[in-house]
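In the text below, chain A, chain B and the rest are named by the order of the sequence lines, each starting its count at 1. Being a predicted model, the structure only gives us computed values, none of them experimental.
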Amino acid sequence: MSLMIHNNLTNKKEEFVTVEPGKVSMYVCGVTVYDDIHMGHARSIIVFDMIARYLRYCGYEIKHITNFTDVDDKIIIKANKEGIEPLELSKRYIDEYFKDTEKLGVNRADEYPKASECMGNIIAMVKKIVDNGYGYVTPDGSVYFSVRKAKNYGQLSNRKIEDMESSGRVALDDQKQDPLDFAIWKAAKPEENCSWPSPWGEGRPGWHIECSAMIKRYLGDTIDIHGGGNDLIFPHHENEILQSEAANGVPLAHYWMHNGMLQVKGVGNYKEEKMSKSLGNFFRVKDVAQKFDKYTIRFYFLNTHYSSPLLYGEDMLLEAQTALKRLHNNYGDLQAYARSGPDGDGDVCDIIDGTRQRFKAAMDDDFNTRAAIEELFQLARTTNKAMADKTLTKQGAAKILALMKELDTILGILPEEEARNDDAFDAVMSILVDLRKELRARKQYDLSDMIRDKLAEAGYKLEDSADGAKWKKI
RNA sequence: GUCGGGAUAACACAGCGGCUAUGUGCGGGACUGCAGAUCCUGAUACGGGGGUUCGAUCCCCUCUCCCGACUCCA
């Protein structure tokens, strides 16, 4: 079974074949760092984190690059308002970005290039585009891309030039030779205080060019996967393709993947709308992370296919929390069972192989994390039952746990192993458990409940059942 | 208007041409000193209308509605 990816370039599910066998180059559009990241960004970050994790799980050596746009109108405006340098402002939000994504359990990408630190590459690419005849310099020292000269216009977004013209929404600008053209280099404006020297005078990059330049610098002319939110398909990704292909003469990316938008229930007319800064309906990651742990947030996002729209609400997170608790309980119970269950060779191969095989089949089907998570719930029911009838052995439980950990390297929704592996502690706990058993046999419930309560206060939860008590760390 | 994506039980969200998914919630039952957990079980589905088929929720056509993009946007 091979990995199938829904490719937005062709709008088909295609078998994943890399340029170089065993290696994956992946570029994901990051954020403009002028404010804290919100849950919509979190979705994209977690989705591509999951994708990178799965590819790694499949044995690929992956290079994952995500950029920071730190040169941008909004940054300049906000920095001017605060009376600080634009790069000082963006630095602040880059730091916040890392703090916030850490709260989401995100594995770091290999590099996080910043536009401000890739000026050489950007200028070189602009120059190349002009040299190749796809760009022109205006009198004020800006450089524009000639859209009509590009081959394959609209290959990603299925747009035709005629449609663009008739839409009546293309911006007019006296510097442009054609309203469809877009800036790849913008001449400096004196009041902005944010520019770099270039062959065309002081200026700064256009919005799309940094990604093209960074991809070339870090990953090469043609990469395997290019990702981002589906709101970037047009014009951002379309223009990235035009620029890169005009400069390099080869396709930019083989697979284009886009995550669906996070939506928020509209206030007045109960329609859903996209969570975004401009609509003001966003929830900051740092605020949400105060109420919900990373496992819950990840579960919430991964419990839906990455490309589908997803409704945001605290009630959704609460439901995710309850659902995930079932998995966490099962995981904790298995850990307890692996300590105190019956001995035996514990043949659980069928369960393990079947679960792994179905889990992988789900993931291979365009990263269907939702279906993969269903396997975890099935496994929980199977093992809960096996623990209840004692058909599971402690060795079997250990093997199931190993499988769960293995699969969780992809999802990151199960609690991490405590560093502790303390036999003495286990022995003490087992004394307490036995003591309670005796007390309960003598119906001295006040004392047995007191032990249970005190242990709960100390962070350990005891659960009684017909065949003795189990304990786990809360 | 153009281009994408949707419409699945109370809610969320998968999936498949015939074997009724998963979680939450709700109704029974088991277990139980209590708490918690767990197991068994019940009910409520595939937007409307055509068509293809022995058979469609799944394929085709059409209608309605929703979301996103076309302006900064993950």
Side-chain angles (χ1 to χ4, degrees), chain A residues 8 11 28-32 34 37-48 66 69 72-74 154 156-160 162-171 207 227-238 258-263 266 270-279 282 299-300 303-305 307-311 313 315-316 318-327 329-330 332-333 362 365 368-378 380-381 383-385 387-389 440 443-446 448-449 452-453 456 461-467 469-470 472:
Chain A
N8 279 312
N11 262 325
V28 182
C29 283
V31 296
T32 302
Y34 71 102
I37 55 167
H38 64 239
M39 290 298 281
H41 301 123
R43 182 178 191 196
S44 182
I45 293 164
I46 288 174
V47 158
F48 286 99
T66 288
T69 299
D72 164 89
D73 289 356
K74 285 175 183 157
L156 182 67
S157 59
N158 287 318
R159 258 162 243 256
K160 297 181 204 76
E162 308 86 77
D163 298 339
M164 297 305 297
E165 287 170 322
S166 59
S167 79
R169 296 183 70 165
V170 283
W207 175 33
N230 68 14
D231 53 348
L232 296 180
I233 292 173
F234 190 91
H236 185 54
H237 287 166
E238 195 66 69
H258 295 98
N259 63 277
M261 290 296 101
L262 195 59
Q263 303 181 342
Y270 72 81
K271 277 189 219 154
E272 283 101 44
E273 46 187 17
K274 177 180 138 184
M275 180 181 292
S276 74
K277 289 266 164 68
S278 42
L279 290 169
F282 59 93
F299 179 89
Y300 160 68
N303 202 209
T304 301
H305 188 83
S307 65
S308 306
L310 174 61
L311 206 52
D315 47 339
M316 307 286 164
L318 283 166
E319 189 184 316
Q321 194 172 48
T322 310
L324 183 60
K325 200 170 156 215
R326 182 171 161 77
L327 250 28
N329 282 336
N330 172 252
D333 288 348
D365 185 14
N368 192 338
T369 47
R370 171 54 200 251
I373 284 173
E374 288 190 15
E375 285 308 318
L376 259 27
F377 279 104
Q378 297 283 17
R381 191 189 305 144
T383 54
N384 279 333
K385 218 181 297 185
M387 285 189 281
D389 10 84
R440 291 178 66 224
K443 300 204 189 298
Q444 299 190 15
Y445 297 120
D446 51 339
S448 68
D449 288 355
R452 187 169 64 193
D453 293 344
K461 187 167 155 194
L462 272 184
E463 289 176 358
D464 293 313
S465 67
D467 43 63
K470 289 174 300 205
K472 55 191 161 198

Donor/acceptor link under 3.5 angstrom from [X] side chain onto base of [N]:
X: A/Asp464; N: B/C34; result: yes
X: A/Lys74; N: B/C72; result: yes
X: A/Arg452; N: B/A35; result: yes

Hey, does the side chain of [X] come within less than 4.0 Å of [N]'s phosphate (OP1/OP2), counting only N and O?
X: A/Arg326; N: B/C39; answer: yes
X: A/Ser308; N: B/A12; answer: no
X: A/Asn303; N: B/C13; answer: no
X: A/Asn384; N: B/C39; answer: yes
X: A/Lys325; N: B/A37; answer: yes

Quick one: do A/Met275 and A/Arg43 satisfy side-chain contact (heavy atoms from CB on, under 4.5 Å)? Show the steps, please.
-> CA-CA 11 Å; A/Met275 180 181 292; A/Arg43 182 178 191 196; over 6 Å; no
Heavy atoms only, 4.0 Å cut-off, all strands: where does [X] land among base, sugar-phosphate and nothing?
X: A/Gly227; answer: nothing
X: A/Met275; answer: base
X: A/Lys277; answer: nothing
X: A/Leu232; answer: sugar-phosphate
X: A/Asn230; answer: sugar-phosphate
X: A/Ser307; answer: nothing
X: A/Gly40; answer: base
X: A/His38; answer: base
X: A/Asn368; answer: sugar-phosphate
X: A/Ala371; answer: sugar-phosphate
X: A/Glu375; answer: nothing

A/His237 vs A/Phe299, nearer the 5' end of RNA chain B by closest nucleotide =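 So the residue in question is A/Phe299.
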Identify, between A/Thr304 and A/Ser278, the residue whose nearest nucleotide on RNA chain B lies closer to the 5' end.
->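 First, find each residue's nearest nucleotide; the 5'-ward one identifies A/Thr304.
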Nucleotide [N], atom [atom2] - distance to [atom1] of [X] in whole Å:
X: A/Asn329; N: B/C39; atom1: CG; atom2: C1'; answer: 14 Å
X: A/Phe377; N: B/A14; atom1: CZ; atom2: P; answer: 14 Å
X: A/Leu262; N: B/A74; atom1: CG; atom2: C1'; answer: 10 Å
X: A/His258; N: B/C3; atom1: NE2; atom2: P; answer: 19 Å
X: A/Lys461; N: B/U38; atom1: NZ; atom2: C1'; answer: 12 Å
X: A/Arg440; N: B/C34; atom1: CZ; atom2: C1'; answer: 9 Å
X: A/Gln444; N: B/C34; atom1: CD; atom2: P; answer: 18 Å
X: A/Leu310; N: B/G6; atom1: CG; atom2: P; answer: 15 Å

Searching all strands shown, indicate the nucleotide that pairs with [N] (Watson-Crick or G-U wobble; both distances under 3.5 Å).
N: B/C72; answer: none
N: B/A10; answer: B/U24
N: B/C54; answer: B/G18
N: B/G4; answer: B/C67

Let's see if you can work this out: which of [options] has an atom nearest to the side-chain heavy atoms of [X]?
X: A/Asp333; options: B/A37, B/G68, B/C40; value: B/A37
X: A/Glu319; options: B/A69, B/U24, B/C39; value: B/U24
X: A/Arg381; options: B/G23, B/C70, B/G68; value: B/G23

[atom1] atoms of [N] and [M], separation to the nearest Å:
N: B/U57; M: B/G25; atom1: C1'; value: 24 Å
N: B/A9; M: B/G47; atom1: C1'; value: 14 Å
N: B/G5; M: B/C60; atom1: P; value: 12 Å
N: B/U44; M: B/G33; atom1: P; value: 36 Å
N: B/A35; M: B/G42; atom1: C1'; value: 27 Å
N: B/G68; M: B/G29; atom1: C1'; value: 47 Å
N: B/C3; M: B/C63; atom1: P; value: 14 Å
N: B/A14; M: B/C59; atom1: P; value: 16 Å

Given the rule in the side-chain contact (heavy atoms from CB on, under 4.5 Å) test, do A/His258 and A/Leu156 qualify, once you have shown the distances and angles that lead to the verdict?
-> CA-CA 11 Å; A/His258 295 98; A/Leu156 182 67; 4.2 Å; yes
Could you tell me which non-hydrogen atom of A/Asp231 sits nearest to which non-hydrogen atom of A/Met261, and how far apart they are?
-> OD1-CE, 3.4 Å
Contact summary for A/Phe282 and A/Ser276, nearest pair of heavy atoms | CD2-O, 3.7 Å
Kindly determine whether A/Phe48 and A/Thr66 satisfy side-chain contact (heavy atoms from CB on, under 4.5 Å), including the steps that lead there.
-> CA-CA 10 Å; A/Phe48 286 99; A/Thr66 288; over 6 Å; no
pi-stack flag for A/Tyr445 and B/G33, centroid dist under 5.5 Å, interplanar under 30° =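 One would call A/Tyr445 stacked on the B/G33 base.
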Look up atom [atom1] in [X] and atom [atom2] in [Y], then write down how far apart they are to the nearest 0.5 Å.
X: A/Asp389; Y: A/Asn384; atom1: CG; atom2: CG; answer: 10.5 Å
X: A/Glu375; Y: A/Thr369; atom1: CD; atom2: OG1; answer: 13.0 Å
X: A/Phe377; Y: A/Asn330; atom1: CZ; atom2: CG; answer: 10.0 Å

Report the C-alpha separation of A/Arg440 and A/Asp464 in whole Å, then their side-chain angles, then the decisive distance to 0.1 Å, and conclude whether the side-chain contact (heavy atoms from CB on, under 4.5 Å) test is met.
-> CA-CA 10 Å; A/Arg440 291 178 66 224; A/Asp464 293 313; 3.4 Å; yes
